[in-house]
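Heads up, the thing below is written out as structure tokens.
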Amino acid sequence: SSIQKMSEIISIHVGNCGTKVGEKFWQIISKEHGISNKGLVEDAAKFSSGTIKPFYHELESGQNVPRALFIDLDSSSLDCIRSGSHGALFNCANLFGGTVSAGNNWAKGHYTLGAEIVDVVLDRFRKEAEKASHLVGFQFTHSMGGGTGSGLGGLLMSKIREEYTCRLTDSYSLFPTGKTSELTVEIYNTVLSLNKLIGVGSRSFVFDNAALFDTITRQSPLLKPTYENLNSIIGSTMNGVSCPSRYPSTLHTSMGKSAMNLVPFRRLHFFSLAATPISSVIPLEEKEKTTHEHVCQLFNPNSYLCTVNPKKGKYIASSLLFRGKFPTSEVEQEICEYEEDNSSNFVSWIENHSQIGYCKVPPCDIAKSSLMIANTTAISTGFSILVKKFRKLQRRRSFMHCYTGQGMDEMEFAEAVSGVEDLCSEYTQYQCALQPSLSYF
């Protein structure tokens, strides 16, 4: 077992969705480490079982403060955080609010309203980075369909990546879907934002509301899902992904090693996730699962937190983490049998598709949990649908004036959709390849 105690990660939560997801993440991770809503240690046993150094820095007063920034052009979401149960946990200087909403317009978030505050945010980010002794990377939470999360989020990612070129960038990105989408321009925002992510992201974790809604109703039929429930699932998943950085684990403990194992080609860094149970903060009526049931559910298409059917593509690589008391030999046998029985669902040019890790410390309030991060070519199916919808709007030039009026060039629409089309082609190419030349760099 190993744990990296000196590798810090800064979290940047952007837009209404991103800030609410971020707030949930910090509530969950603080409870897991026995930290009160004011940043003080209230459960010494939980606190000593791992390390919070990657995500918190300690003040002389003993308060543990998250390494986090919250940004929204509409300050109402930040007001809710300040007045919420964990308002005293955060550094108030790291909460940035504007006076005018981006109005679901990527161009406003990227070029006009967002550009007005980006330098102030970057200055504060640099101060946060200076507090880290060994900064390894950043993690963003944002919505792809809104104006602030997509536009300003992409701008911040680009600026930070340009300045911190050797650091890695994670993103927890919520995509719009037909079932929950309310705005036509979400398609523009999503494709424009996705094209940015292709270039600046290191690991991009994909979610969508429809899959989150469906997953909750399948596992808890009596519960009517709320957006707070959805935010809790994403926050819990982030907590699971970050587990090897905080607790002794047999899985790779750094963002860099994880990226090397999961991303054989630089641009193919978009991941699907599955978890069981989906969240410790949502009441689910179910008995404790066997190892066989855990593995089966992780590979079940209905368990994914984004709309993807892995049977329509092939697994390139996956990383599985089991928390709690699991018999390791049984886990490995179950996964080995699954891969043998479903060999056609895995690319032929990688021998060891699955990295398996174990952590003896379970999440709060549950005895065992499991999480899978999957890099599957099937993710491109959803991207292709976005491209078709984008092209349909683009041909009619629908709503394009809303973007060009903010100083955006029409060529950016063509460049963005072409970039996403190229990504889909790459996924298809490597799905069918027999032995490509592997290179992460």
Side-chain angles (χ1 to χ4, degrees), residues 144 172-181 194 203-221 223 225 229-230 233-234 236-238 240-241 262 268-279 282 284 286 289-322 331 334-348 350 353-356 369-388 423-424 427-428 430-432:
M144 300 288 281
Y172 293 84
S173 307
L174 184 67
F175 281 67
T177 54
K179 290 183 180 179
T180 57
S181 178
L194 179 54
R203 300 188 303 175
S204 299
F205 302 96
V206 177
F207 301 85
D208 70 64
N209 281 336
L212 295 172
F213 268 108
D214 291 344
T215 302
I216 293 176
T217 52
R218 285 191 197 99
Q219 296 194 30
S220 186
L223 181 66
N229 294 145
L230 308 191
I233 294 178
I234 301 175
S236 291
T237 307
M238 292 175 65
V241 172
L262 287 167
L268 308 190
H269 56 76
F270 294 88
F271 305 147
S272 309
L273 297 116
T276 182
I278 50 175
S279 174
I282 297 176
L284 300 173
E286 59 177 26
K289 291 183 174 67
T290 64
T291 301
H292 175 74
E293 289 172 331
H294 270 271
V295 173
C296 287
Q297 186 154 344
L298 289 179
F299 284 100
N300 186 333
N302 290 333
S303 298
Y304 281 90
L305 303 181
C306 64
T307 304
V308 60
N309 184 353
K311 294 182 179 180
K312 292 187 176 181
K314 291 188 177 183
Y315 289 102
I316 297 174
S318 64
S319 177
L320 298 95
L321 177 65
F322 295 85
V331 169
E334 289 286 347
I335 293 174
C336 182
E337 289 179 359
Y338 181 87
E339 290 191 2
E340 288 178 356
D341 294 341
N342 299 273
S343 58
S344 61
N345 293 339
F346 295 82
V347 294
S348 59
I350 292 182
H353 299 92
S354 301
Q355 302 290 322
I356 307 171
S369 74
S370 56
L371 170 74
M372 180 169 73
I373 306 170
N375 190 347
T376 168
T377 62
I379 196 86
S380 64
T381 304
F383 297 162
S384 297
I385 293 172
L386 285 172
V387 167
K388 290 178 182 177
L423 177 68
C424 294
Y427 273 112
T428 301
Y430 293 121
Q431 176 179 321
C432 302

Using a 4.5 Å cut-off on heavy atoms from C-beta on, say whether the side chain of Met372 contacts that of Leu273.
no
With side chains defined as the heavy atoms from C-beta onward, is the minimum distance between Thr377 and Tyr430 less than 4.5 Å?
no
Checking the side chain of Ser303 only, and the main-chain atoms of Phe299 only, is there a donor and an acceptor separated by less than 3.5 Å?
no
Test side chain to side chain contact (heavy atoms under 4.5 Å, CB included) on Met144 and Phe207; report intermediate values, then the result.
CA-CA 10 Å; Met144 300 288 281; Phe207 301 85; over 6 Å; no
Please lay out, stage by stage, how Thr376 and Lys314 fare under the test side chain to side chain donor-acceptor pair (under 3.5 Å).
CA-CA 5 Å; Thr376 168; Lys314 291 188 177 183; over 6 Å; no
Ala378 versus Lys312, closest heavy-atom pair with distance
CB-C, 4.2 Å
Tell me, do Leu212 and Tyr304 make a side-chain contact under 4.5 Å, heavy atoms counted?
no
Mind checking whether Cys424 and Thr381 have side chains closer than 4.5 Å, heavy atoms only?
no
Could you tell me whether a side-chain N or O of Asp208 sits under 3.5 Å from a main-chain N or O of Ala211, the two making a donor and an acceptor?
yes
Under the criterion side chain to side chain donor-acceptor pair (under 3.5 Å), I'd like the reasoning laid out for Ser204 against His269: C-alpha separation, chi angles, the key distance, then a yes or no.
CA-CA 6 Å; Ser204 299; His269 56 76; 3.2 Å; yes
Between Ser272 and Ile379, what is the shortest heavy-atom contact and its length?
OG-CD1, 3.4 Å
With Phe205 as partner, the option from Phe270, Phe271, Phe175 fulfilling ring pair (Phe, Tyr, Trp, His ring centres under 6.0 Å) is Phe271
Nearest 0.5 Å, please: how far is OG1 in Thr307 from CG in Asn209?
9.5 Å
Does Thr215 use its side chain to pair, donor to acceptor, with the backbone of Leu305 at less than 3.5 Å?
no
Could you tell me which residues satisfy ring-ring contact (aromatic ring centres under 6.0 Å, His included) with Phe346, sequence neighbours excluded, listed by chain and number?
Tyr315, His353
As an exercise, state the distance from CD of Gln355 to CD1 of Ile335, rounded to the nearest 0.5 Å.
10.5 Å
Main-chain N/O of Glu339 paired with Ser343 side-chain donor or acceptor, under 3.5 Å:
no
Is Leu371 close to Thr276 at the side-chain level, that is, under 4.5 Å between some pair of heavy atoms?
no
Side chain to side chain, Leu298 and Leu320, heavy atoms closer than 4.5 Å
yes
Gap separating the CD atom of Glu337 from the NE2 atom of His292, nearest 0.5 angstrom:
9.0 Å
Working for side chain to side chain donor-acceptor pair (under 3.5 Å), residues Ser318 and Ser354
CA-CA 5 Å; Ser318 64; Ser354 301; 3.0 Å; yes
Would the distance check show the side chain of Asn300 and the main-chain N or O of Cys296 forming a donor-acceptor pair, the cut-off being under 3.5 Å?
no
Test your reading of the model: is there a side-chain donor-acceptor pair from Ser380 to the backbone of Phe383, 3.5 Å cut-off?
no
Begin with the C-alpha distance, continue with both residues' side-chain angles, and end with the deciding distance and a verdict on side chain to side chain contact (heavy atoms under 4.5 Å, CB included) for Leu174 and Val206.
CA-CA 6 Å; Leu174 184 67; Val206 177; over 6 Å; no
Rounded to the nearest 0.5 Å, what separates atom CG in Leu423 from atom CG in Leu194?
6.5 Å
Pair Ile233, Ile216 - check side chain to side chain contact (heavy atoms under 4.5 Å, CB included), show working.
CA-CA 9 Å; Ile233 294 178; Ile216 293 176; 3.3 Å; yes
